[in-house]
K.L.:
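My questions all concern the structure below.
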There are 2 protein chains.
Amino acid sequence: MSIRQRATLDDVARLAHVSPKTVSRVFSQRHLVSPATAEAVLAAAKRLKFRPNTVARNLRGGASNTVGFVIGELLNPFYSTVATGLERVLADNGKTLIVASTDDTAEGEERVADTLLAQRVAALLMVPVGEDQSYLEGERQLGCPVISIDRPARNLVADSVVLENRTGAFSATRSLMARGHRKIAYICNPAAVYTQAERIQGYREAIASGGRAEPTPWERLLDDPAANPAAVVADLLAMDDAPTAIIAGNNRMCIGALQVLDSLEHPPALIGFDDFDTADILGVSVVSHDAVDMGRQAAELALERIMDPTGFTRQIIIPTKLIHRGSGEHPPYA
Amino acid sequence: MSIRQRATLDDVARLAHVSPKTVSRVFSQRHLVSPATAEAVLAAAKRLKFRPNTVARNLRGGASNTVGFVIGELLNPFYSTVATGLERVLADNGKTLIVASTDDTAEGEERVADTLLAQRVAALLMVPVGEDQSYLEGERQLGCPVISIDRPARNLVADSVVLENRTGAFSATRSLMARGHRKIAYICNPAAVYTQAERIQGYREAIASGGRAEPTPWERLLDDPAANPAAVVADLLAMDDAPTAIIAGNNRMCIGALQVLDSLEHPPALIGFDDFDTADILGVSVVSHDAVDMGRQAAELALERIMDPTGFTRQIIIPTKLIHRGSGEHPPYA
DNA sequence: ACAGTCCATGACAACGCTGTCTAAATCTGT
DNA sequence: ACAGATTTAGACAGCGTTGTCATGGACTGT
């Protein structure tokens, strides 16, 4: 249980009878050291269980090998999937990923961003929650690139990686229309976020392309986190003029809808947004996307900006794809 | 696009006409500074957009506010759920979480552990993959606590947080037996990991308690990552003496089993291990656990060890709970 | 044999911050 | 009004590393 002292460059240097700088070179620019010396240094380092201190290294070099990811909640599979993609690319480039979650509040976002910036992350990746990211503008000017994921940052010059939401919703809606559906519901909660706004727009564009100009009476754009998805769907189906098809704007609504539809003999068609584990078993058609790839692209964008913080910002759009599994392909039972 | 210089303590000190140390105090021991001075310093800091550098602070203090988590793959919901619990507790205690994944290989594990240790994490949490973690013994003696999650570390003195695997499997098996099942299968892949070994033992103990001494003919303990879960289940049910109930040792096997059982008129009873998103909709009974809590407890253990690296190591056991949802409660159709 | 190169190594300061010690100014009680 | 305690602030060094520059010896070509 004895706690020994951690060996430093100087300790190794002393043992190997060389200068600290030579030891430093062995661990970072080996080619500048003669093989014999290097070997002696390595032997000494091994004996002392020496391990270079990245933190000190970065302090001196002014660099940083960490990248911060500000996330709503790691529990949400979407975030953790994106984080997977990030981590893979970053690890391949010698960077480590620091994850911090915001509890999905704007204050939380600012607080954790602050913590990460104090750690001098080389770049800040985030899924913005708040309405305004202008508080990061200073840091960006100080050379810390900000990459916004899933939704664009507001009031801030930042690169972003987003989904092809509108097209995804458009094609889901069109697919239902092509099968004869005219009364197509769109349900989501919360609705007041970028992704839903985009999806709703895609949905409406598709409906409009079929001749209907005004918003449909089957839209349920909620903003109450406590709303019960199943109840919303049940209400919808109890209407006089009930929809024959439902598009669920996100996973939670989709699973809520499933709970209701399960017990129906002639359930309405259902298309979800965002794929989930058992969707194929359940035969649920969804508008899917590759969240790992989203993370990957975001990380690559970050690495690029770390190299060159100047230059125009970019927006990368990740494609979505309608996957037919049955639930979205049956015609209206009317 | 101009990149300004980042302000340091000294810059702020100069602007506020005080010594750097005073500025330092304002940001860490405010009560030792007179209110007037503090205010002046804060004003100067604000004007310069100064942000204390945690890295430099830690370098001097010899401490660290980061904790590393070595993980197989963030994509796996179990890992990301544990990470959630970790992150919550760590954030509450002013620490940030660095996540690094190993691709589930022993070499990967050693490599990323090395990277994290070079970052001087205050503690190393890990889900061990390799057969031997003795390579960490040196670091532990150097004062970096190691906490092993989900499985105990091998050849290393380390605290650990594991599930009540054996009891979970035992009670699942007994529950099936109580409903009249005598031919109970246990399927898992891979089988050569601690958690499965424990679960299998619990299963066998339960079977033995019913009178059967030797291993059952319905065990399918695979170790081929490429094995198709559905095919294994189909084979099992095609036996002359087919089982009337199945216990799936993990999520993947459980979902595989579902795919087969779905099409059967009289499916065998099924109990899975580890809960999943749509298990309630699908009516799948499972032995469940609270992975967030696992993370939480691991983090608390880590914090405790950071405070006091000496002292006896502990093993925390997280309870498992059998959740009845239907699939595991029907009697044998024989 | 001699200037001009090249190579291996080292001395020194600095990265941004804080622990430790010291000094001066202010306050306390009598 | 004075010793002693307390408050406030600064000087200095050092955390573990590396950038920069300097040094000395071994090479090259003529």
Side-chain angles (χ1 to χ4, degrees), chain A residues 4-42 44-45 48-66 94 117-122 142-144, chain B residues 4-42 44-45 48-66 94 117-122 142-144:
Chain A
R4 287 206 319 277
Q5 200 51 49
R6 208 177 279 277
T8 70
L9 267 184
D10 292 41
D11 299 324
V12 178
R14 221 165 304 135
L15 183 61
H17 302 293
V18 296
S19 79
K21 180 68 202 185
T22 298
V23 181
S24 164
R25 288 201 182 94
V26 171
F27 284 95
S28 48
Q29 314 183 75
R30 180 88 44 99
H31 59 280
L32 293 181
V33 179
S34 78
T37 313
E39 201 179 336
V41 167
L42 287 173
L48 297 176
K49 295 194 207 303
F50 169 77
R51 192 190 298 275
N53 183 334
T54 313
V55 173
R57 209 198 290 253
N58 286 339
L59 176 61
R60 180 65 237 258
S64 163
N65 73 133
T66 58
L117 291 169
Q119 299 263 355
R120 295 296 186 267
V121 290
L142 255 26
C144 177
Chain B
R4 286 205 319 277
Q5 200 50 50
R6 209 176 280 276
T8 71
L9 266 185
D10 293 46
D11 299 325
V12 177
R14 220 165 304 134
L15 183 60
H17 302 294
V18 296
S19 78
K21 181 66 202 186
T22 298
V23 180
S24 164
R25 288 203 182 94
V26 170
F27 283 95
S28 47
Q29 316 182 71
R30 180 87 45 97
H31 59 282
L32 293 182
V33 179
S34 78
T37 313
E39 201 180 338
V41 168
L42 288 172
L48 296 176
K49 294 193 207 301
F50 169 76
R51 194 190 299 275
N53 183 334
T54 312
V55 174
R57 209 197 287 251
N58 287 339
L59 177 60
R60 180 63 236 261
S64 163
N65 73 134
T66 58
L117 291 168
Q119 300 262 356
R120 295 296 187 267
V121 289
L142 256 28
C144 177

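Sequence lines set the chain letters: A, B, ... in the order given, protein chains first and strands last, and positions in each chain run from 1. Note that the coordinates shown come from a computational prediction; the quantities given were computed from them, not determined experimentally.
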K.L.:
How would you give the extent of chain A contacts on DNA chain C, as first and last nucleotide 5' to 3' within a 4.0 Å heavy-atom cut-off?
P.N.:
C:dA8 to C:dG16
K.L.:
How long is the straight-line distance from OG1 of A:Thr8 back to CZ of A:Phe50, given to the nearest 0.5 Å?
P.N.:
7.0 Å
K.L.:
Please determine whether a side-chain nitrogen or oxygen atom of A:Thr8 lies at a distance below 4.0 Å from atom OP1 or OP2 of D:dC15.
P.N.:
no
K.L.:
Near DNA chain D, which residues from residues 50-59 of chain B have a heavy atom under 4.0 Å away?
P.N.:
B:Leu59
K.L.:
Side-chain contact test, heavy atoms from C-beta onward, threshold under 4.5 Å: evaluate it for A:Gln119 versus B:Asn53 and give yes or no.
P.N.:
no
K.L.:
Look at the side chain of A:Arg60 against the base of D:dT18 and say whether a donor-acceptor pair falls under 3.5 Å; ignore hydrogens and angles.
P.N.:
yes
K.L.:
Nearest heavy atom decides the nucleotide; on that basis, is B:Leu32 or B:Arg120 closer to the 5' end of DNA chain D?
P.N.:
B:Leu32
K.L.:
Sequence neighbours left out, what pairs pass salt bridge (charged side-chain N to carboxylate O under 4.0 Å, His left out) with at least one residue falling in residues 19-42 of chain A?
P.N.:
none
K.L.:
Testing the basics here: between A:Ala122 and A:Ser64, what is the closest heavy-atom pair and its distance to 0.1 Å?
P.N.:
N-OG, 3.5 Å
K.L.:
Does some side-chain heavy atom of A:Arg6 sit less than 4.5 Å from a side-chain heavy atom of A:Lys49?
P.N.:
no
K.L.:
Sequence neighbours excluded, which residues qualify as side-chain hydrogen bond (donor to acceptor under 3.5 Å, both in side chains) partners of B:Ser28?
P.N.:
none
K.L.:
Please list, chain by chain and in numerical order, all residues satisfying salt bridge (Lys or Arg N to Asp or Glu O under 4.0 Å) with B:Arg51, sequence neighbours excluded.
P.N.:
A:Asp114, A:Glu139
K.L.:
Tell me: CD of B:Gln119 to P of D:dT17, nearest whole Å?
P.N.:
13 Å
K.L.:
Would a 4.5 Å heavy-atom cut-off, applied to side chains only, mark A:Val33 and A:Val41 as touching?
P.N.:
no
K.L.:
I need the residues from residues 14-27 of chain A with at least one non-hydrogen atom less than 4.0 Å from DNA chain C; give them sorted by number, or say none.
P.N.:
A:Val18, A:Ser19, A:Lys21, A:Thr22, A:Arg25
K.L.:
Base, sugar-phosphate or nothing for A:Asp10? Non-hydrogen atoms, less than 4.0 Å.
P.N.:
base
K.L.:
For the atom pair CG (A:Leu42) and CZ (A:Phe27), what is the distance rounded to the nearest 0.5 Å?
P.N.:
5.5 Å
K.L.:
Nearest 0.5 angstrom please: B:Thr54 OG1 to B:Leu59 CG, how far?
P.N.:
12.5 Å
K.L.:
Please round to the nearest 0.5 Å and tell me the distance separating atom CG of B:Leu48 and atom CG of B:Leu15.
P.N.:
5.0 Å
